[in-house]
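All remarks here apply to the structure that follows.
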There are 2 protein chains.
Amino acid sequence: MAIAACCSPESTTPFTHDDATRLAKVFAALGDPIRLKLFTLIARDPSQEVCACSFVDELQRSQPTISHHLKILREAELIAGTKRGTWIWYSVNTQALSEVREFLS
Amino acid sequence: MAIAACCSPESTTPFTHDDATRLAKVFAALGDPIRLKLFTLIARDPSQEVCACSFVDELQRSQPTISHHLKILREAELIAGTKRGTWIWYSVNTQALSEVREFLS
DNA sequence: TTGATATATTGATGTTTGTCAATATATCAA
DNA sequence: TTGATATATTGACAAACATCAATATATCAA
């Protein structure tokens, strides 16, 4: 007879691979220092809405790089942007954030 | 005179690049579907401690791959492992988790 | 329309990542 | 000691990623 298994056989992954992939995408979006700073700049602005135009100076990355990171945060639905004239104003998607918080609690 | 800037000049990044890098590492650790499943398997086990030996079967990845992912979760201090004989029992580092939760709140 | 500014896209490049096979190390049982 | 099992490390490789220069698109002002 084999040695008893160390783990209960009935333990299962609590979500599907697709669900895990979707949620992992949200965490991965925050998994880069520049994006984490972008996110906090957007989240913690007193006015709750920030335009993208200052990020290049503040984060010392080229404009295409900032644009690329904002896209990743948008695609993870952590932020949303509204175009007003030439500028885009960003704000945090509080619902997506709640889902992440719920996962961690 | 130039057009008024769209953003308040006094807005600053709320943490240093090193801090952002460290926290980003934690998010990045959760930013992969396999690691997210590993983490939930460890976090949600009723006994609060899980041995690594079943992960290969459950997650359908090779043993070196699972070992690699567990190392990344360990280095992000999201989990901790205790060796008991041949097996390693994993549990969640609740303090690291609190810090992440605090950031998101 | 023309010039200036904000943002997006494309293409290129070096780096990092996820994965596995092969191998190594550690522990236990016989 | 020998064999079996759990985990770690190494080396290799393809895919994904972060970055920038160049260019494109969109909007506003003159």
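What you see is a predicted model; the values in this text were computed from it and never measured.
- In terms of the ring pair (Phe, Tyr, Trp, His ring centres under 6.0 Å) criterion, B/Tyr90 has no residue partners (sequence neighbours excluded).
- When side chains are defined from C-beta on, A/Phe27 does not count as touching B/Asp32, because their heavy atoms never get closer than 4.5 Å.
- A straight line from CG of A/Asp32 to P of C/dT15 spans 17 Å, rounded to a whole angstrom.
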Distances for protein N/O vs nucleotides 7-13 of chain D N/O pairs under 3.5 angstrom?
residue, atom, partner, partner atom, Å
D/dT7, OP1, B/Ile88, N, 3.0
D/dT7, OP2, B/Cys53, N, 3.1
D/dA8, OP1, B/Arg74, NH2, 3.1
D/dA8, OP2, B/Ser67, OG, 2.9
D/dA8, N7, B/Gln63, NE2, 2.7
D/dA8, N6, B/Gln63, OE1, 2.8
D/dT9, OP2, B/Lys71, NZ, 3.4

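- Look at CG on B/Leu36: it is 17 Å from P on C/dT17, rounded to the nearest Å.
- Atoms CG (A/Leu59) and P (D/dA18) sit 14 Å apart, rounded to a whole Å.
- The distance between atom CG of B/Leu38 and atom P of C/dT19, rounded to the nearest whole Å, is 10 Å.
- Atom CD in B/Glu75 sits about 12 Å away from atom P in C/dG18, given to the nearest Å.
- In this structure, B/Arg84 pairs ionically with B/Glu49, as a charged nitrogen and a carboxylate oxygen lie closer than 4.0 Å.
- Set against D/dA18, C/dG18, C/dT19, the side chain of A/Arg35 has D/dA18 as its closest nucleotide.
- Across the protein-nucleic acid pair, B/Arg84 atom CZ and D/dT5 atom C1' stand 18 Å apart, rounded to whole Å.
- In terms of heavy atoms, A/His69 sits closest to A/Arg35 at ND1-NH1, 3.0 Å.
- Following rounding to the nearest Å, B/His69 (NE2) and C/dC20 (C1') show an atom-to-atom distance of 11 Å.
- Rounding to the nearest 0.5 Å gives a distance of 11.0 Å between CG of A/Leu59 and OG1 of A/Thr65.
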Q. Do A/Glu77 and A/Val26 pass the side chain to side chain contact (heavy atoms under 4.5 Å, CB included) test, and can you show the C-alpha distance, the side-chain angles, and the key distance before you say yes or no?
A. CA-CA 8 Å; A/Glu77 296 184 282; A/Val26 178; over 6 Å; no

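- When all heavy atoms of A/Ala29 and A/Leu73 are compared, the closest pair comes out as O-CD2, 3.8 Å.
- Between B/Ala24 and A/Leu36, the shortest heavy-atom contact is N-CD2, 3.5 Å.
- Between A/Phe55 atom CZ and C/dA6 atom C1' there is a gap of 13 Å when expressed in whole angstrom units.
- With no hydrogens or angles considered, no side-chain donor-acceptor pair links A/Thr16 and A/Asp18 at under 3.5 Å.
- Listed by first residue number, the stems of DNA chain D with at least three Watson-Crick or G-U pairs below 3.5 Å are C:1-30 with D:1-30.
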